[in-house]
J.: 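Following this message is one structure expressed as structure tokens.
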Amino acid sequence: MGPHPAVAAIRLAVRRVLNDILDDHGRAPGRTPHELPPSPLVLVACSGGADSMALASALAFEAPRLGVRAGGVTVDHGLQTGSDLRAAEVASRLRELGLDPVESVAVTVGRDGGPEAAARDARYAALDAAAERHGAAAVLLGHTRDDQAETVLLGLARGSGIRSLSGMAAVSGAGGRYRRPFLQLDRQTARKACMVQSLPVWDDPHNADPAYTRSRLRHEGLPALEKALGKGVVEALARTAQLSRDDADALDAWAGRAEAGVRDADGRLECAALHDLPPAVRRRVLRRAAIEAGAPAGSLFARHIEEVDRLITGWRGQGAINLPGRVVARRQGGRLVIRQG
């Protein structure tokens with residue numbers, strides 16, 4: 001008799017990602033470990049919650065069968081009393097699963113961008129550092145299809161274009177460091193897998209705190225949508241993420257090719273050539289030019305690009321446009337100049 005369906009599902013998802021990692025590192029899946037060069041190390045980022053504990057258990061099961069070394073990292077954000085003890089307990093559970101190396105990393109959470117963004121920035125900085133320290137080939141993250149649906153809705157609320165509807169990528173980070181095996185699995189499957197394997201799970205109180213936007217969306221917004229539209233909403237939103245990502249990637253590639261054709265011999269942007277581009281492509285070219293000039297990508301919003309775009313499409317002799325990072329965009333004699341002022 002095979003494993004419970006939930007356990008089989010999480011293991012299959014992890015096995016597929018480990019095979020991808022092996023392929024990326026020139027290792028042919030299917031060979032026995034003694035035929036392989038030194039094994040790559042894959043780390044799992046684990047909070048102790050159901051999603052990441054299920055991921056850790058699947059990694060611990062699958063990695064030895066593919067000749068992969070498996071370790072774990074838990075991050076102590078220091079935002080709750082006793083968080084250091086909680087992190088130590090999670091690290092102990094990861095070791096009990098057979099993961100090695102395992103470490104708990106304490107971080108200081110700043111205030112930039114709000115509490116959720118600040119915690120995320122601190123967490124990823126710690127995971128990046130851990131991956132570098134241990135020479136890890138990849139870090140696995142436990143985001144599920146439900147997390148993806150929430151991310152798409154948050155992007156929709158920001159109104160910042162198709163890229164914000166793309167959700168989280170299955171592969172992201174420098175050199176494809178971060179992998180998300182569970183993006184096609186729902187949260188309930190991960191929780192069930194923990195239950196049938198008798199894995200203790202910690203439910204972060206922040207996940208139920210209405211002070212946090214994502215928590216409100218999870219406990220109020222999505223249930224209301226499901227009540228109004230039916231249970232397929234989460235799956236449809238996750239599918240929207242993938243379709244949006246494909247479209248955004250195609251438009252980004254188009255903009256990259258178009259950019260060379262709209263610059264003059266001195267590298268300035270020609271307004272007439274820009275005007276002939278489809279709006280979605282033109283705005284991407286303008287965004288790329290602003291970032292290249294020194295505007296921070298995270299501070300450059302759709303409204304900034306729309307103002308610059310009006311220098312092309314609604315030219316009435318208006319003055320320069322100030323952008324984040326002390327970057328200025330102005331029209332000069334049929335050319336668009338974007339540089340630090």
Side-chain angles (χ1 to χ4, degrees), residues 10 13 17 44-47 49-52 54-55 75 77 109 112-125 127-128 138-174 176-191 203-204 206-226 228-252 287 297-302:
I10 64 169
V17 167
V44 58
C46 186
S47 66
D51 303 341
S52 57
L55 182 58
V75 177
H77 297 86
V109 176
D112 289 350
E116 291 165 285
R120 184 175 61 247
D121 289 346
R123 181 166 60 253
Y124 277 101
L127 293 175
D128 278 335
V139 178
L140 305 189
L141 303 174
H143 298 118
T144 63
R145 190 169 67 190
D146 300 79
D147 295 307
Q148 186 74 300
E150 292 161 10
T151 302
V152 172
L153 283 176
L154 290 168
L156 183 63
R158 283 196 300 271
S160 49
I162 196 170
R163 181 58 76 183
S164 71
L165 302 183
S166 301
M168 296 173 284
V171 180
S172 65
R177 167 174 289 159
Y178 293 108
R179 312 284 176 127
R180 296 177 173 87
F182 288 177
L183 283 184
Q184 303 301 319
L185 298 179
D186 60 31
R187 191 173 286 144
Q188 197 53 42
T189 298
R191 188 167 286 277
D203 289 313
D204 185 345
H206 281 171
N207 290 337
D209 187 342
Y212 294 93
T213 307
R214 188 178 284 267
S215 173
R216 292 196 302 275
L217 184 59
R218 179 172 301 178
H219 296 287
E220 299 170 30
L222 263 174
L225 277 176
E226 288 186 330
L229 302 174
K231 284 290 185 183
V233 168
V234 166
E235 187 175 355
L237 286 167
R239 190 163 59 247
T240 295
Q242 186 55 58
L243 294 171
S244 298
R245 181 170 297 281
D246 291 344
D247 288 352
D249 288 346
L251 288 166
D252 285 348
R287 178 179 171 80
S299 303
L300 201 58
F301 302 132

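This is a predicted model, so every value here is computed, not measured.
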J.: Identify the two heavy atoms, one from Leu141 and one from Tyr124, that lie closest to each other, and give their separation to 0.1 Å.
T.: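 Closest pair (atom of Leu141, atom of Tyr124, distance): CD1-OH, 3.5 Å.
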J.: Can you measure from CG (Asp246) to CD1 (Ile162) and round to the nearest 0.5 angstrom?
T.: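 So the gap between those two atoms works out to 9.5 Å.
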J.: The test is side-chain contact (heavy atoms from CB on, under 4.5 Å); show your working for Leu237 and Leu222 and say whether it passes.
T.: CA-CA 11 Å; Leu237 286 167; Leu222 263 174; 4.1 Å; yes
J.: Nearest 0.5 Å, please: how far is CG in Leu153 from OG1 in Thr213?
T.: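 Those atoms lie 12.5 Å apart.
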J.: Are side-chain heavy atoms of Pro223 and His219 found at a separation under 4.5 Å?
T.: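 Sidechains of His219 and Pro223: no contact.
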J.: Step by step, work out the side-chain contact (heavy atoms from CB on, under 4.5 Å) result for Glu226 and Val234.
T.: CA-CA 8 Å; Glu226 288 186 330; Val234 166; 3.6 Å; yes
J.: Which residues satisfy the salt bridge (charged side-chain N to carboxylate O under 4.0 Å, His left out) test with Arg187, sequence neighbours excluded?
T.: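 If we apply the salt bridge (charged side-chain N to carboxylate O under 4.0 Å, His left out) test to Arg187, skipping adjacent residues, the hits are Asp147, Glu150.
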J.: Measure across Leu183 and Met168 and return the closest heavy-atom pair with its distance rounded to 0.1 Å.
T.: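 Closest pair (atom of Leu183, atom of Met168, distance): CD1-O, 3.5 Å.
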J.: Can you measure from OG (Ser164) to CG (Leu154) and round to the nearest 0.5 angstrom?
T.: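 One gets 10.0 Å once the value is rounded to the nearest 0.5 Å.
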J.: Taking all non-hydrogen atoms of both residues, which atom of Ala13 and which atom of Leu185 are closest, and how far apart?
T.: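 Taking every non-hydrogen atom into account, CB-CD1, 4.1 Å.
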J.: Working to the nearest 0.5 angstrom, can you tell me the gap between Leu217 CG and Thr151 OG1?
T.: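 Between atom CG of Leu217 and atom OG1 of Thr151 there are 9.0 Å.
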J.: Ignoring hydrogens and angles, tell me if any N or O in the side chain of Arg179 forms a donor-acceptor pair with the backbone of Val139 under 3.5 Å.
T.: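 Judged by distance alone, no pair lies under 3.5 Å.
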J.: Do the side chains of Arg120 and Arg123 get nearer than 4.5 Å, heavy atoms only?
T.: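 Sidechains of Arg120 and Arg123: in contact.
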J.: Does Val109 reach the side chain of Asp121, with side-chain heavy atoms less than 4.5 Å apart?
T.: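 In short, these two side chains do not touch, never coming nearer than 4.5 Å.
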J.: How would you list, by chain and number, every residue that makes a salt bridge (charged side-chain N to carboxylate O under 4.0 Å, His left out) with Asp252, sequence neighbours excluded?
T.: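 Asp252 satisfies salt bridge (charged side-chain N to carboxylate O under 4.0 Å, His left out) with Arg163, Arg284 only.
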J.: Within the side chain of Arg287, is there an N or O that forms a donor-acceptor pair under 3.5 Å with the backbone of Leu300?
T.: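 A pair under 3.5 Å: yes.
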J.: To check you understand the geometry: which heavy-atom pair defines the closest contact between Val152 and Ala241, and what is its length?
T.: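 Heavy atoms only, the tightest pair is CG2-CB, 3.6 Å.
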J.: How many angstroms lie between OG1 in Thr240 and CD in Glu235, if you round to the nearest 0.5 Å?
T.: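 Atom-to-atom, Thr240:OG1 and Glu235:CD are 10.5 Å apart.
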J.: May I ask you to check whether Thr144 and Arg180 show a side-chain donor-acceptor distance below 3.5 Å?
T.: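 No donor-acceptor contact under 3.5 Å links the two side chains.
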J.: Should Pro181 and Leu55 count as side-chain neighbours, where that means a heavy-atom distance under 4.5 Å?
T.: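 They are in side-chain contact.
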J.: With rounding to the nearest 0.5 Å, note down the distance linking OH in Tyr178 to CG in Asp128.
T.: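 It comes to 3.5 Å.
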J.: Looking only at the side chains, is there a donor atom on one of Thr189 and Arg145 sitting less than 3.5 Å from an acceptor on the other?
T.: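 No - no donor-acceptor pair under 3.5 Å links their side chains.
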J.: Using a distance-only test with no angle check, is there a side-chain donor-acceptor pair under 3.5 angstrom linking Ser244 and Ser166?
T.: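 Note: Ser244 and Ser166 side chains miss the donor-acceptor criterion.
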